[in-house]
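This is a predicted model, so every value here is computed, not measured.
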Amino acid sequence: MTLPSAHEFAAQFCQKAGLKADSHKSGAPNGAGGEGSLRKLWEISELSASEFADEVARYFELPRTNFQEMMAAESRVQQFSRRFLREMAVFPCHVAEIGPVLVLADPTDSASIHAAAIVLGAAPAIRVASFEDIATALDQRLGEEESATTQAAASATVRDDDIDNLRDLASGAPVVRAVNDMFETAVELRASDIHIEPGRNALVIRMRVDGLLRTVGTPNGVPPAAVISRIKILAGLNIAERRLPQDGGARVRAARSEIDVRVAIMPTQHGESAVIRLLPRDRALLSIDKLGFLAGDQSKLRRMLALPHGMIIVTGPTGSGKTTTLATVLSLLNEPTRKILTIEDPVEYEISGISQSQAKPSIGLTFATALRSFVRQDPDVIMVGEVRDSETAHVAIHAALTGHLVLTTLHTETAAAAVPRLLDLGVEAFLLRSTLRAVIAQRLVRQLCDRCKSSRPLTHADVEADPRYTAVGLSVGNVIFEPVGCERCGNVGYRGRIGVFEVLEMNEEVRALVEQQSDWESIDKVAIRNGMTTMIEDGLAKCLSGMTSAAEILRVTTVR
């Protein structure tokens, strides 16, 4: 059977979805819009993975299958390499009365179909499933089929003084395969960090998914010291140094994508621990509509971005999504008529058309020194990764004062707290009054899984049993949504995250308080009186709309 090409499907799908006809090509390999582009097409669409798979099956006139049917079939994953299955997003199986079956998400992937026919010994029947269902099925079946191929390495002992033996072991196939599988698992789980922690008797590996750590399986039969040494080799660190902390970075390839990793090694009581930050190079920027701003806050932000100069600050703790918000704002400002410069540590999003610089304090390239050079580059917009010290704060304020739009971040609890924080850093009140345009405070909350979340009206018994409902602002009769758990979300009830925000817009009353160097509580009260939506109120709106739960809102915000 001759199937239509990916180009034909993409053109029709883009027309139906209201996308640009060539929008799917931006993420295709080597700039082509052929094989491999359907995943990118799904990622930029508004459809869920299941809805997109329905469209694919309907267009190519192929049978549609789901997760339960894949798990009921006789698995054939043991005949293929893990890397092939994950990268190609295919699930080989055998169905009674049909024979060999290849479940895939991209029917135009002729190379995978041909390779599967060779391995299975016959041309397989083709079925269509979603990318998410295939990934979940592979996770379960590959875990069941995992054989102890690394038992030889288990007997290998590493003496503290035998560095050459350790280096050879870390470069051996079992350890290399175990570390590669760990990265692929992290990509499949959408993890932001990998934590490798040595215990007294075993290695513990946890991955941060949607902001919370989740324990995953450890490599079978691989010595913990060899895993850490392999990571050190990838990051260009000294494997002989085990007494001092080390930091490094690398670029690895996993699950058909390139990832920049930042590695931090720390000696502990039972050996060295490693924390690996994952920064996918090919992740797409969000549109400002998808960040989670309420309509009123979004209109405020757009109004501030239309100003020719001044400073806009995004605040929140580490891991609250500040960089993602700034990158999305930069993509909105990114026009051929504007010169945009950034200094970041690290560069998490690569944006075409913007000159981005990586801070290197070890050679003197700090935020402050880069900012001084930026003002001589005739920019229109400057983005500073973070205001960490007095020097950076002063240079950023003066850049905003001399006709530049400056975007930056601070670590504060609320939007109003950014003002006393900058005053503490030595910024003069009259300069801050003249340059500060808006402060955005944000947190990230987990989104309820669309496939399994449940809803019910709130009762008196609920309110009496759990004071969190009242704290968020919910009352008896409100419809609440709660996590349940399914295969898609890993039985946690949540999948993905969305922001909760508060936008402090500077007006004359707030500027007067800045001039008086008032505390953050006074500024906060005035801002709320003037119509600022607090993060709790923003979270309440998202609870009522079914995006998240009351427990999630109170996990990341405080009632004030």
Side-chain angles (χ1 to χ4, degrees), residues 42-43 46-52 66-68 130-140 185-195 205-217 277-278 280 283-284 286 289-294 316-322 324-325 442-456 458 462 466 468-469 471-474 478-501 535-558:
W42 163 53
E43 289 173 351
E46 297 288 341
L47 299 181
S48 68
S50 179
E51 291 168 341
F52 185 80
N66 56 33
F67 174 80
Q68 288 77 14
S130 69
F131 286 103
E132 290 183 347
D133 282 347
I134 291 174
T136 305
L138 287 176
D139 283 342
Q140 293 205 17
T185 300
V187 172
E188 292 292 342
L189 291 175
R190 302 168 294 106
S192 60
D193 303 88
I194 303 173
H195 294 247
I205 298 179
R206 298 190 291 172
M207 298 185 181
R208 191 174 296 279
V209 181
D210 293 336
L212 296 181
L213 288 171
R214 181 185 302 179
T215 302
V216 300
R277 180 81 186 276
L278 306 178
R283 57 177 171 176
L286 296 173
D289 298 316
K290 293 183 178 180
L291 288 177
F293 283 99
L294 297 179
T318 301
S320 60
K322 301 187 296 296
T324 299
T325 298
Q442 71 175 80
R443 301 289 189 276
L444 289 177
V445 295
R446 292 181 295 170
Q447 285 184 278
L448 289 166
C449 176
D450 288 332
R451 185 175 294 182
C452 65
K453 67 181 178 182
S454 65
S455 62
R456 62 181 179 85
L458 197 62
D462 293 327
D466 193 341
R468 291 180 297 184
Y469 294 121
V472 172
L474 293 167
N478 287 144
V479 175
I480 60 170
F481 295 82
E482 297 174 323
V484 177
C486 64
E487 296 89 354
R488 176 177 179 262
C489 61
N491 291 315
V492 296
Y494 296 94
R495 183 176 175 84
R497 289 190 289 178
I498 194 168
V500 290
F501 302 89
M535 282 184 281
I536 282 285
E537 293 168 340
D538 191 348
L540 173 61
K542 291 178 170 66
C543 283
L544 293 174
S545 65
M547 291 184 184
T548 189
S549 64
E552 270 298 290
I553 298 300
L554 287 176
R555 184 177 65 84
V556 300
T557 63
T558 54

Residues which pass salt bridge (Lys or Arg N to Asp or Glu O under 4.0 Å) with Glu51, listed by chain and number, not counting sequence neighbours: none

Say you draw a straight line from CG of Asp210 to CZ of Arg446; how long is it, rounded to the nearest 0.5 Å? 7.5 Å

Side-chain donor or acceptor of Lys453 paired with backbone N/O of Gln447 under 3.5 Å: no

Side-chain donor-acceptor pairs of residues 488-497 under 3.5 Å, sequence neighbours excluded:
from: Arg488; atom 1: NE; to: Glu132; atom 2: OE1; distance (Å): 2.5
from: Tyr494; atom 1: OH; to: Ser549; atom 2: OG; distance (Å): 2.7
from: Arg495; atom 1: NE; to: Glu132; atom 2: OE2; distance (Å): 3.2
from: Arg495; atom 1: NH1; to: Arg488; atom 2: O; distance (Å): 3.2
from: Arg495; atom 1: NH2; to: Glu132; atom 2: OE2; distance (Å): 3.0

If you define the side chain from C-beta out and look only at heavy atoms, does anything of Ser455 sit under 4.5 Å from Ile480? no

Passes side chain to side chain contact (heavy atoms under 4.5 Å, CB included), Leu278 versus Ser192? Steps please. CA-CA 5 Å; Leu278 306 178; Ser192 60; over 6 Å; no

Using only atom types and a distance under 3.5 Å, with no angle test, would you say the side chain of Arg443 pairs donor to acceptor with the backbone of Val556? yes

Verdict with supporting geometry, Arg456 and Glu482, side chain to side chain contact (heavy atoms under 4.5 Å, CB included): CA-CA 8 Å; Arg456 62 181 179 85; Glu482 297 174 323; 2.9 Å; yes

Shortest non-hydrogen pair, Asp133 vs Asn66, comes out as OD2-CA, 4.2 Å

Pro280 side chain reached by Val187 side chain, heavy atoms, under 4.5 Å: no

From CG (Leu189) to CG (Asp139), nearest 0.5 Å: 6.0 Å

Quick one: closest heavy-atom pair of Leu444 and Ser320, and the distance? CG-O, 3.3 Å

Val472 versus Thr557: any side-chain heavy-atom pair under 4.5 Å? no

Heavy-atom side-chain contact between His195 and Leu213 under 4.5 Å: yes

For residues Gln68 and Glu487, determine if any side-chain heavy atom of one lies less than 4.5 Å from a side-chain heavy atom of the other. yes

Would you compute the distance between atom CZ of Arg206 and atom CD1 of Ile194 and round it to the nearest 0.5 angstrom? 13.0 Å

4.5 Å side-chain heavy-atom contact, Leu540 and Leu474: yes

I want to check something: taking the side chain as every heavy atom from C-beta on, are Ile205 and Thr215 in contact at a cut-off of under 4.5 Å? no

Determine whether Gln442 and Val500 satisfy the following criterion, side chain to side chain contact (heavy atoms under 4.5 Å, CB included), listing intermediate values before the conclusion. CA-CA 6 Å; Gln442 71 175 80; Val500 290; over 6 Å; no

Could you walk me through whether Val479 and Leu458 pass the side chain to side chain contact (heavy atoms under 4.5 Å, CB included) check? CA-CA 6 Å; Val479 175; Leu458 197 62; over 6 Å; no

Show the nearest heavy-atom pair for residues Ala471 and Ile536, with the distance to one decimal. O-CG2, 4.3 Å

Should the pair Phe501 and Phe293 be assigned to parallel (<30°), tilted (30 to 60°) or perpendicular (>60°) ring geometry? parallel

Output for pair (Met207 CE, Arg190 CZ), nearest 0.5 Å, gives 13.0 Å

Minimum heavy-atom distance Ser130-Ala49, with the two atoms named: CB-O, 3.4 Å

Salt bridge (Lys or Arg N to Asp or Glu O under 4.0 Å) filter on Arg555, not counting sequence neighbours, yields Glu552

For the student: nearest non-hydrogen atoms of Lys542 and Gly499, plus distance: CE-O, 2.9 Å

Can you see which heavy atom on Leu291 is nearest to which on Ile498, and at what distance? O-CG1, 3.6 Å

